[in-house]
K.L.:
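Handing you this structure, nothing more for now.
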Number of protein chains: 2
Amino acid sequence: MNDERQQRVLDAAQRLFLKYGYDKTTVNDIAAEAGISKGAVYLHFKSKEAVMDALILREGQRVQADIMRRLAADPDGGNLFNIFRYGLIGLAENELMRAFYSRRREVFGDLLKRLAPKIADAEARSMSVEFVRQYQAAGLIRPELDPATVAFLMMVMRYGLLTIDEVVPRDESPPIEAVGALIADLLQRGLAPEGGGDPEAGKALFNTLAQGALERLKQQGRPAPDTEEGK
Amino acid sequence: MNDERQQRVLDAAQRLFLKYGYDKTTVNDIAAEAGISKGAVYLHFKSKEAVMDALILREGQRVQADIMRRLAADPDGGNLFNIFRYGLIGLAENELMRAFYSRRREVFGDLLKRLAPKIADAEARSMSVEFVRQYQAAGLIRPELDPATVAFLMMVMRYGLLTIDEVVPRDESPPIEAVGALIADLLQRGLAPEGGGDPEAGKALFNTLAQGALERLKQQGRPAPDTEEGK
DNA sequence: ATATGACCAAAATCGTCATATGGGTCAATC
DNA sequence: GATTGACCCATATGACGATTTTGGTCATAT
């Protein structure tokens, strides 16, 4: 009901999960950090796991919104490589999403096992071969390139960017915006056909794909209809 | 002395370390797998840790040799992006090096703590800002690009490629050769100046850098002269 | 010379159990 | 009727000693 309180709980949980990890954070800690009692947490969420689920959903949606905002602000937003670029930046700037994609056990603890398929799903969805193939069919990627290899390479870049802070501390890395711009420029020069293809086709295709992605993300919020949940 | 026997021990250790991990592999196991007795292992190596060190050194040198072979076979081998490409392929094809770069605890177990600086060192050396800067100075990378961002992006690609098999099983990935070729092509089109720069400058620069790298790798073989070894 | 495997001390593992913790509930309270 | 926090109980933790494992050595055998 009280949505603002619910957000406060999620804020508290996010802080604590990222700092101490899911396992070491108690429901009491969350309640205290949010300035309410333990029982009140259970007024909003049916379990500790549900808090994490809601948190991931919320941050995922925030990232989505962030990406949309950047795309809307960019006159060349419909361009495939700018979509990829803003997706990259949006994810990389969200600490929870970064932890999510790099499967950080210190953050998700025992939940990781249950979360793994969800991560794999998000991973696959965000840069699938099919996605690339459609852009290629629309004439936005040079026809002689192998879509599987292109998709894989883009996955590699995204995965690398989201996980490299295990090697290079974030504060020693160049600004994400600069890296994203370089990547988009690189892909544009390297993958697009002479002349850059038809931007309108890109926009149209993107709208279709984005619609599907948004709907699937929403569905993650409600309990899976059937999928076996057994150990 | 008996070098062939020593190699057999390393072969055995490599198989077992990769399959069961350093911790779960006993010296007896290694001896048995190599077809000799435990005592004989200590004729060649002063400790179990020394076996791992020797193994990493051997595989590192093999990768080096592999890279050199590919470079020599390629008429355009001196090109920066082909160097990067063959470095990538060489590392990615070596299972131990892949495990090394992705810091797989299942493989290295408790040694990981001690190995960490060695990994970080290898990481930094193989694509440093200085490296890029020199190539840029030699006119092989467009001058308006920020060397730190370029170096970072290349690190991201390398790191991503070496670690992504935690997400995409290796047998579902496109062939490494194809990915390497695409990456080199992408970088060439995206980073090189119009006309591609002077290939001779590239070759000369590379020879200098390779010399340094080889020497440093050899030094890893002998005990560190002083570096504090404390817990 | 070279290689072996019994041997040793140190460390890891196991089994047990007493205690503490923390997720979730609900009667009491505001 | 919204909120609390004392309470319950399944699970986690850690102490402990007994037992096994295992890295490393060395007297002996080949």
Side-chain angles (χ1 to χ4, degrees), chain A residues 1-17 19-56 105-115 223 229-231, chain B residues 1-17 19-56 105-115 223 229-231:
Chain A
M1 304 290 138
N2 188 337
D3 197 46
E4 189 258 335
R5 250 185 165 34
Q6 184 158 328
Q7 294 303 315
R8 280 246 302 285
V9 173
L10 291 181
D11 292 341
Q14 179 164 36
R15 261 191 307 275
L16 297 175
F17 289 166
K19 191 161 180 185
Y20 306 106
Y22 178 82
D23 290 344
K24 300 217 171 176
T25 301
T26 74
V27 177
N28 244 323
D29 292 340
I30 298 173
E33 177 87 8
I36 60 176
S37 74
K38 182 163 73 157
V41 171
Y42 286 90
L43 256 35
H44 296 289
F45 304 95
K46 81 175 221 304
S47 69
K48 187 184 173 188
E49 286 200 24
V51 175
M52 177 63 94
D53 287 342
L55 184 58
I56 291 173
R105 177 153 280 117
E106 321 91 81
V107 172
F108 296 101
D110 301 334
L111 284 194
L112 212 56
K113 200 203 56 180
R114 189 175 63 79
L115 254 32
E229 194 76 8
K231 188 215 158 159
Chain B
M1 306 294 134
N2 187 336
D3 196 46
E4 190 258 335
R5 251 188 163 33
Q6 185 158 328
Q7 294 303 317
R8 280 247 301 285
V9 173
L10 290 181
D11 292 341
Q14 179 164 36
R15 263 193 304 276
L16 297 175
F17 288 166
K19 191 160 179 185
Y20 306 106
Y22 177 82
D23 289 345
K24 300 217 171 176
T25 301
T26 73
V27 177
N28 245 324
D29 292 341
I30 297 173
E33 177 87 8
I36 59 176
S37 73
K38 183 163 72 159
V41 171
Y42 285 92
L43 253 37
H44 296 288
F45 303 96
K46 82 174 221 302
S47 70
K48 187 184 172 188
E49 286 200 24
V51 175
M52 177 64 93
D53 287 342
L55 183 58
I56 292 174
R105 178 154 278 116
E106 322 91 81
V107 173
F108 296 102
D110 301 334
L111 284 194
L112 211 57
K113 200 203 56 180
R114 190 175 62 81
L115 255 32
E229 195 76 8
K231 184 207 163 162

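These figures come from a predicted structure and were not determined experimentally. Reminder, nothing fancy here: chain letters follow the sequence lines and each chain counts from 1.
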K.L.:
Counting heavy atoms from C-beta on, name the nucleotide in C/dG23, C/dG5, D/dT3 closest to the side chain of A/Arg5.
P.N.:
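Selected nucleotide (nearest to the side chain): D/dT3.
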K.L.:
How long is the line joining CG of A/Asp23 and C1' of C/dT21, in whole Å?
P.N.:
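One finds 13 Å between C1' of C/dT21 and CG of A/Asp23, rounded.
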K.L.:
Report, one pair per line, the protein and nucleotides 13-15 of chain C atoms (nitrogen or oxygen only) whose separation is under 3.5 Å.
P.N.:
none

K.L.:
Nearest 0.5 Å, what's the CG-CZ distance between A/Asp29 and A/Arg15?
P.N.:
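The CG atom of A/Asp29 sits 12.5 Å away from the CZ atom of A/Arg15.
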K.L.:
Paired with D/dT30: which nucleotide, if any, by Watson-Crick or G-U wobble criteria at under 3.5 Å for both distances?
P.N.:
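Across any shown strand, D/dT30 pairs with C/dA1.
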K.L.:
Can you check whether A/Val9 reaches A/Arg5 side chain to side chain, under 4.5 Å on heavy atoms?
P.N.:
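Contact flag for A/Val9/A/Arg5 side chains = no.
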K.L.:
Identify all pairs in which a protein N or O lies below 3.5 Å from an N or O of nucleotides 27-30 of chain D, and state each distance.
P.N.:
none

K.L.:
What string of B, S and - do you get for nucleotides 7-13 of chain D, 5' to 3', when a contact is any protein heavy atom under 4.0 Å?
P.N.:
-------
K.L.:
Which nucleotide, C/dG22, D/dT4, D/dT22, lies nearest any side-chain atom of A/Ile36?
P.N.:
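The listed nucleotide nearest to A/Ile36's side chain is D/dT4.
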K.L.:
Which nucleotide in the list C/dT25, C/dA3, D/dG24 gets nearest to the side chain of A/Tyr42?
P.N.:
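Of all the options, the side chain of A/Tyr42 is nearest to C/dT25.
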K.L.:
Please give, in whole Å, the distance from D/dG23 P to B/Ile30 CD1?
P.N.:
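Rounded to whole Å, this separation is 8 Å.
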K.L.:
Let me know the distance between CG of B/Asn28 and P of D/dG23, rounded to the nearest Å.
P.N.:
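Interatomic distance, CG of B/Asn28 to P of D/dG23: 8 Å.
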K.L.:
Using a 3.5 Å distance criterion without hydrogens, assess whether the side chain of A/Lys48 forms a donor-acceptor pair with backbone atoms of A/Tyr22.
P.N.:
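Here the side-chain-to-backbone pair exists.
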K.L.:
Check each of B/Leu16, B/Asp11, B/Ile36 against B/Ile30 using the side chain to side chain contact (heavy atoms under 4.5 Å, CB included) test, and report the only one that passes.
P.N.:
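Single side chain to side chain contact (heavy atoms under 4.5 Å, CB included) partner of B/Ile30 among B/Leu16, B/Asp11, B/Ile36: B/Leu16.
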K.L.:
Got a second to check how far B/Ile56's CD1 is from B/Asp53's CG, nearest 0.5 Å?
P.N.:
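Result: 6.0 Å between the selected atoms.
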K.L.:
Between C/dG5, D/dT4, D/dG23, which one does the side chain of A/Ala40 approach most closely?
P.N.:
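Of the candidates, D/dT4 comes closest.
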K.L.:
Just how far, in rounded Å, is P of D/dT3 from CZ of A/Phe45?
P.N.:
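Rounded to whole Å, this separation is 14 Å.
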K.L.:
Tell me which nucleotide among D/dT3, C/dA3, D/dG24 gets nearest to the side chain of A/Leu43.
P.N.:
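Selected nucleotide (nearest to the side chain): D/dT3.
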K.L.:
How far does CD of A/Glu106 sit from CG of A/Asp23, to the nearest 0.5 angstrom?
P.N.:
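Result: 11.0 Å between the selected atoms.
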K.L.:
Could you report the tightest heavy-atom contact between A/Arg105 and A/Leu112, atom names first, then the distance?
P.N.:
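Smallest heavy-atom distance, with atoms named: NH2-CD2, 3.7 Å.
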K.L.:
Using side-chain heavy atoms (C-beta onward) and a distance below 4.5 Å, is A/Phe45 in contact with A/Leu10?
P.N.:
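In short, these two side chains touch, coming nearer than 4.5 Å.
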K.L.:
For residues B/Arg8 and B/Ala34, report the shortest heavy-atom separation together with the two atoms involved.
P.N.:
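Nearest heavy atoms, B/Arg8 then B/Ala34: NH2-O, 3.0 Å.
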K.L.:
Please give, in whole Å, the distance from C/dT2 P to B/Gln6 CD?
P.N.:
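Whole-Å distance recorded here is 14 Å.
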K.L.:
If you count every heavy atom of other residues, nucleotides or ligands that lies below 6.0 Å from B/Tyr42 atom OH, does the total exceed 12?
P.N.:
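Yes, OH of B/Tyr42 has more than 12 neighbouring heavy atoms, counting only those of other groups under 6.0 Å.
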K.L.:
So how far is it from B/Thr25 OG1 to B/Phe17 CZ, rounded to the nearest 0.5 Å?
P.N.:
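Going from OG1 on B/Thr25 over to CZ on B/Phe17, the span is 5.5 Å.
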